[in-house]
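A short write-up of the structure that comes next.
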Amino acid sequence: MTEFFEEVVPGFRYVYEGELLASARSTFQQIDIYEHASFGKMLVLDGLVQTTERDEFVYHEMLAHVPLISLEAPRSVLIVGGGDGGTLRHVLMHPSVERAVMVEIDARVTELCLEFMPGIAAGALDDARAEVLFNDGIAYVKDSTERFDAILIDSSDPVGPGEGLFTPDFYRAAAGLLNPGGVLASQSGSPSVQQDELHRTFACASSAFPDVRVYLAAIPTYPGTMWSFTMAATRIAPEDVPAVQRATARGLRTRYWTPEVQHGAFDVPRIVHQVIAPDGPPHTWGFSPGERERRAVS
Ligand code: SPD
């Protein structure tokens, strides 16, 4: 039987109709899986939609391929979060990747995703190159002595277990785990209705990296649809990346990402530049109560 459920972000309520298939309370959060007529199975954490069977490809392709295509031959990748396995699946499409470590805090999320939405990981967790750890990603980044060519922050929203991923300390620690020339990419929220999340992520990344850029994708089940990612490195030159050659050589099979999207996604509207500006106006677009207070980055 279907029911209506809501995703509430400050100032907005998004209402979905779906059938509740599974509901669990883990140590960290409330986990629900719904079946939606258009988007298939939906993973909802603490009432916030994280991924759906029908549009997950946009998010996972853009989080994985944009940074990895920017590298000549990425060998080692760290994924922080990403319990559904979608990011890992796309990372492993790059043939040069020898090792991909995924550190997910909540094993229950992964268990339920594998049971109800196995197509998202599509076996990636069993790949010989994958190392899956159920641990606190923040502690892992702080304490690890490993080095990676790319770090991908596949976080939930900045509430609950994901909150500590949106801090300058975390970004500084992550920068210390990168090999020379390495790159970090993170999901950074809606640039329209969660300006504070994007502003804060950009500020945190800028406290640890010389070059930080935002790129965008359209994800139907995320608030505001237009979604932001933040990429950070010593130098990012999206226009210099030979995306066509690399995509062909790597045999990437994608539905959203293309070499053209790789370049175009960094051409963000002026209003997005205003959202990430250090002294930008507090509300350039939409309204997020409390964002003025949350903006201060120490
Ligand atoms: N409000 C949605 C934010 C979701 C970001 N993470 C999604 C995880 C999918 N692997």
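Numbers here are sequence positions counted from 1. Just so you know, ligand 1 is whichever comes first in the structure, and atom 1 is the first atom listed for that ligand.
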Pairs of donor and acceptor atoms involving the side chains of residues 103-123, under 3.5 Å and at least two apart or interchain, shall be tabulated with distances.
{"residue": "Glu104", "atom": "OE1", "partner": "Gly83", "partner atom": "N", "Å": "2.8"}
{"residue": "Glu104", "atom": "OE2", "partner": "Asp106", "partner atom": "N", "Å": "2.8"}
{"residue": "Asp106", "atom": "OD1", "partner": "Arg108", "partner atom": "N", "Å": "3.1"}
{"residue": "Asp106", "atom": "OD2", "partner": "Ser26", "partner atom": "OG", "Å": "2.6"}
{"residue": "Asp106", "atom": "OD2", "partner": "Gln29", "partner atom": "NE2", "Å": "2.8"}
{"residue": "Arg108", "atom": "NH1", "partner": "Glu111", "partner atom": "OE1", "Å": "2.9"}
{"residue": "Thr110", "atom": "OG1", "partner": "Gly83", "partner atom": "O", "Å": "2.9"}

Name each donor-acceptor pair under 3.5 Å that joins a side chain in residues 232-242 to protein atoms two or more places apart or in another chain, with its distance.
{"residue": "Arg235", "atom": "NH2", "partner": "Asp240", "partner atom": "OD2", "Å": "3.2"}

So which protein residues pack against ligand 1 under 4.0 Å, heavy atoms counted?
->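 Lining ligand 1: Val49, Gln50, Tyr59, His60, Asp84, Asp154, Ser155, Asp157, Gln187, Tyr222, Trp227.
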Would you call Arg99 and Glu131 a salt bridge, using N to O less than 4.0 angstrom?
-> yes
Pro191 and its side chain to side chain contact (heavy atoms under 4.5 Å, CB included) partner, picked from Glu197, Met226, His199 =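 Of the listed options, the one satisfying the test is Met226.
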Ring-ring centroid check Phe229 Tyr59, cutoff 6.0 Å | yes
Identify, with sequence neighbours excluded, every residue that meets side-chain hydrogen bond (donor to acceptor under 3.5 Å, both in side chains) alongside Glu61.
-> none
